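A short worksheet on the structure shown next.
One is the number of the first residue; the rest follow in order along the sequence. Predicted model, so just to flag it, every value in this text is computed and none were measured. Both backbone and side-chain heavy atoms feed into the values below; hydrogens, waters and symmetry mates do not.
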Amino acid sequence: MESLQLLLDGFATALTPVNLLYALVGVTLGTLVGVLPGIGPAMTVALLLPITFSVPPASAFIMFAGIYYGGMYGGSTTSILLNTPGESSSMITALEGNKMARRGRAAQALATAAIGSFVAGTIATGLLVVAAPAVVDFAISFGPEDYFALAVLAFTAVSSVLSRSVVRGLASLGFGLVIGLVGIDEQTGQARLTLGIPQLLGGIEVVVVAVGLFALGEALYVASRLRHGEPEIIPVGRAFLGRSDWSRSWRPWLRGTALGFPFGALPGGGAEIPTFLSYSVEQRLARGVAREEYGKGAIEGVAGPEAANNASAAGTLVPLLALGLPTSATAAILLAAFQQYGLQPGPQLFDHNPALVWGMIASLFLGNAMLLVLNLPLAPVWAKVLHIPRPYLYAGIVLFAALGVYALNASWIDLVVLYILGLLGFAMRRFGLPIAPAVIGMILGPMAEVQLRRALAIGAGDATVLVRSPIAAVFLGLAALALLAPLVRKLAAARTRSGVAPGPSAGSGGE
């Protein structure tokens, strides 16, 4: 009941005319940028991060909530019409959605994606209202060693899950931890890795890192892979669903929501696993016409994964708001936005800034409704954005990123750092290193260092203090499991292959 009262107070904050306007601007910008080819929600939020510097915190996060959900909605449009998913979790939507579009059912594919996103987002946000305060109550008892172990769990889970290789994930994490070391040591006052540049004594701005690695790096990478010629864009009318489409979609929406929310709330869970699981479940449950259409454009293959994708987006906000733990690339950018305002998500945020937190959660409900209204009738308008010439598009992204970063401190040093990080982000993508571990390492690294030092100070230098707490021991055990699980899977697969390798036939030498 207390959560319900706080949510009603949040609606009172979110329903003011100014905040409603910010929510509308957020969902519109999020959809507009998210619909651009090759741009996912993380890049959308990173690119739009600098425009909120002069906005009050509550209004800014209401706007960010709209950008976050709008980027998710926009990504489905480009996946279906252009077969260009902005992130890995949209691959399944592109798989069936683009085939539906090529069969002349683009309107139905866009409609089931938009309505499924609305259903999943609304239900998952309701679960967020219940789950976040419960996690906060659990986290109040955390000591320094527990927070350090939680950060280690986030590092290992994200590095192993969001990468094709644990080694590449840990290498990316190492880049982020090194970037986080730049500046003055909080405890000793010593300058670290500043290269004698006074502007780096305060550290590298989180916004510069986020925009450089995500937005600029992605723009350079996608632009480097451009081929001449206009991409084929499938025409679309007003999005709608017939009666049979409704009957085939509503169950996948609910099943996708049930899969997406818990995975989103897990460290390293992300949206990739539940979208693939949803696709597999719907394929197994398909009967009659649906079974025949699978692989050729089945509506269930769009409805379920798209619902799972959006439910996981709400799920990631549970550990982010309650623990300050980002479990996805987009959540890491949102954590950077909190730090931009001097706020640290966690149990104290709910106590000290309830209007901000609950206003943001309430705005998720409002943003979902706004996005449904924007996406169903205006699908043809968003599709026209895809006709922007690619060279102009990516040149505009680079210019917008540079202007936003320069507006931070009016410093040319920030611009130099931005371009260096942009080239680093391009090189990481070129050689298969994931970006999310680097951003999470840069953001959580300083916090992990502070908590480690506090724990060791309390334990008088005894390292066993890090495992005396049952909570810390469990977190560290899960971190070890996250690191070892991929290795065990590879060894088991290699043993299986060697066990079934064909040997010489029994009768080969008897002739």
#### Entry: Pairwise distance CG(L349) to CD(Q344) - rounded to 0.5 angstrom
8.5 Å

### Query
Do Y406 and S411 come close enough that some side-chain heavy atom pair is under 4.5 Å?
no

### Message
Measuring only between side-chain heavy atoms, which start at C-beta, is N353 closer than 4.5 Å to L343?
### Response
yes

### Task
Taking D146 for its side chain and G143 for its backbone only, find out whether a donor-acceptor pair lies under 3.5 Å.
yes

### Message
Can you tell me how far apart CD1 (I333) and CG (L213) are? Round to the nearest 0.5 Å.
### Response
8.5 Å

### Query
For P446 and G441, which heavy atoms make the closest approach, and how far apart are they?
CD-O, 4.3 Å

#### Entry: Interatomic spacing from CZ in F175 to CG in L424 - rounded to 0.5 Å
5.5 Å

### Task
Walk me through it: do R192 and E449 pass the test salt bridge (charged side-chain N to carboxylate O under 4.0 Å, His left out)?
CA-CA 14 Å; R192 300 188 296 193; E449 180 188 12; 2.9 Å; yes

#### Entry: Check: L444 and L335 side chains under 4.5 Å, non-hydrogen atoms
yes

### Message
Test your reading of the model: is there a side-chain donor-acceptor pair from S172 to the backbone of R168, 3.5 Å cut-off?
### Response
no

### Query
Looking at side-chain heavy atoms only, is the closest gap between I361 and L321 below 4.5 Å?
yes

### Query
Can you find a pair of side-chain heavy atoms, one from I204 and one from V417, that are under 4.5 Å apart?
yes

### Query
So Y69 and T125, side chain to side chain donor-acceptor pair (under 3.5 Å) or not? Walk me through it.
CA-CA 11 Å; Y69 272 16; T125 305; 3.3 Å; yes

### side chain to side chain donor-acceptor pair (under 3.5 Å) evaluation trace for Y73 with N368
CA-CA 10 Å; Y73 272 69; N368 253 327; 3.2 Å; yes

### Nearest heavy atoms of L356 and A58, plus distance in Å
CD1-N, 4.1 Å

### Those residues that, when tested against D462, pass salt bridge (Lys or Arg N to Asp or Glu O under 4.0 Å) (two or more places apart)
R468

### Audit row: Y68, T316, side chain to side chain donor-acceptor pair (under 3.5 Å) steps and yes/no
CA-CA 11 Å; Y68 183 30; T316 60; 2.9 Å; yes

### Query
Looking at residues at least two apart in the chain, or sitting in another chain, which of them share a side chain to side chain donor-acceptor pair (under 3.5 Å) with D351?
none

### Task
Test M63 against L29 for side-chain contact (heavy atoms from CB on, under 4.5 Å), laying out the working first.
CA-CA 9 Å; M63 186 174 172; L29 284 175; 3.9 Å; yes

### Query
Around atom CD of Q199, are there more than 12 heavy atoms of other residues, nucleotides or ligands at under 6.0 Å?
yes

### Query
Is a side-chain donor or acceptor of N98 paired with a backbone partner of I80 at a separation under 3.5 angstrom?
yes

### Message
Between F475 and F148 (judged by ring centroids, cut-off 6.0 Å), do the two rings come close enough to count as a pair?
### Response
no

### Query
About how many Å separate CG of L415 and CD1 of I420, when rounded to the nearest 0.5 Å?
11.0 Å

### Query
Does the side chain of E300 pick up a donor-acceptor pair with the side chain of Y279 at under 3.5 Å?
no

### Task
May I ask you to test the L325-L320 pair for a side-chain heavy-atom distance under 4.5 Å?
no

### Donor-acceptor contact below 3.5 Å, side chain S278 vs main chain T275
no

### Task
Answer yes or no: is there a side-chain heavy-atom contact under 4.5 Å between L334 and F64?
yes

### Query
Once you round to the nearest 0.5 Å, how far does OG of S312 lie from CZ of F261?
10.5 Å

### Query
With side chains defined as the heavy atoms from C-beta onward, is the minimum distance between I123 and L254 less than 4.5 Å?
yes

### Task
Please step through side-chain contact (heavy atoms from CB on, under 4.5 Å) for the pair M442 and L181, ending with a clear verdict.
CA-CA 8 Å; M442 184 267 172; L181 288 175; over 6 Å; no

### Approximate separation, where rounding is to 0.5 Å, of Y221 OH and L216 CG
15.5 Å

